[in-house]
Amino acid sequence: MFVTFEGVDGSGKTTQVELLAAELRAAGRDVVVTREPGGTPLGEAVRELLLGGATISPWAEAALFAAARAELVETVIAPALERGAWVVCDRYLDSSLAYQGLARGLGAEEVLELNLRVTGGLLPDRTFVLLVDAGESERRVGPDGDRIEREGGSFRERVAAAYSALAERFPDRIVALDGRRPVDDVARAVRENLGAHV
Ligand code: TYD
């Protein structure tokens, strides 16, 4: 199974990635945990470029996220899935659809097309989107985020709205959960959704 977690900054996805991985390991599963952008030497270098100070034009930004993702799929995710492991990823292509496609306005279709091309069409089996609104995200992250987190109020609102839109658009793959609920409640909902697979 290839499972991804998505949401605005401060939605609690990283905590849920760790809880699911621990649960799967306790059940004796082979689990690979990874994150985006990053997860490979190239990906970490691209992460520095993306989240550092410099301004990056919108398609260059989308292409850099896609380059890091291509490397991660080729060298980490696909080999793990081939040997039958679980892969749990903190962000994947839905982040590009939400941030670059919808919030920056490049177009969800166009960004999806780029990402399907560079990943060989690899979509997650299940994606959990943790929904929190822009105000809650800002309260949790504080003023000192990375370059993308510093975008300010209306960008955050567009990203939050984008995730709700994506959940409606891909109902078979994406499960939307209320990220304001207690951590254990969200973890239980994830487990119940994966049910028999675990
Ligand atoms: P993340 O690693 O979740 O941030 P942190 O670890 O600092 O909490 O993500 C870094 C930022 O990159 C985040 O603001 C979302 C953004 N991002 C995109 O805009 N597009 C993408 O495709 C990905 C993977 C992340």
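Only this structure's heavy atoms are used, side chains among them; waters, hydrogens and symmetry mates stay out. This structure is a prediction, so every number in the text was calculated from the model and none was measured. Both counts, for ligands and for their atoms, begin at 1 and track the order of listing.
- The aromatic rings of Tyr163 and Tyr99 lie perpendicular to each other, with more than 60° between the two planes, well past the 30° mark.
- Sorted by chain and number, the heavy-atom contacts of ligand 1 below 4.0 Å come from Asp9, Lys13, Glu36, Pro37, Arg47, Leu51, Phe65, Arg69, Arg91, Ser95, Ser96, Tyr99, Gln100, Asp146, Ile148, Glu149.
- In summary, Asp94 and Arg173 engage in a salt bridge, as defined by a charged side-chain N under 4.0 Å from a carboxylate O.
- Interatomic distance, CG of Leu50 versus CZ of Phe65, reported as 4.5 Å (0.5 Å rounding).
- Checked by atom type and distance alone, the side chain of Arg47 pairs as donor or acceptor with a backbone atom of Pro37 at under 3.5 Å.
- Here Arg29 does not pair with Glu23 in a salt bridge; the nearest charged N to carboxylate O distance is not below 4.0 Å.
- Using a 4.0 Å cut-off between a side-chain N of Lys or Arg and a carboxylate O of Asp or Glu, Arg180 and Glu136 do not qualify as a salt bridge.
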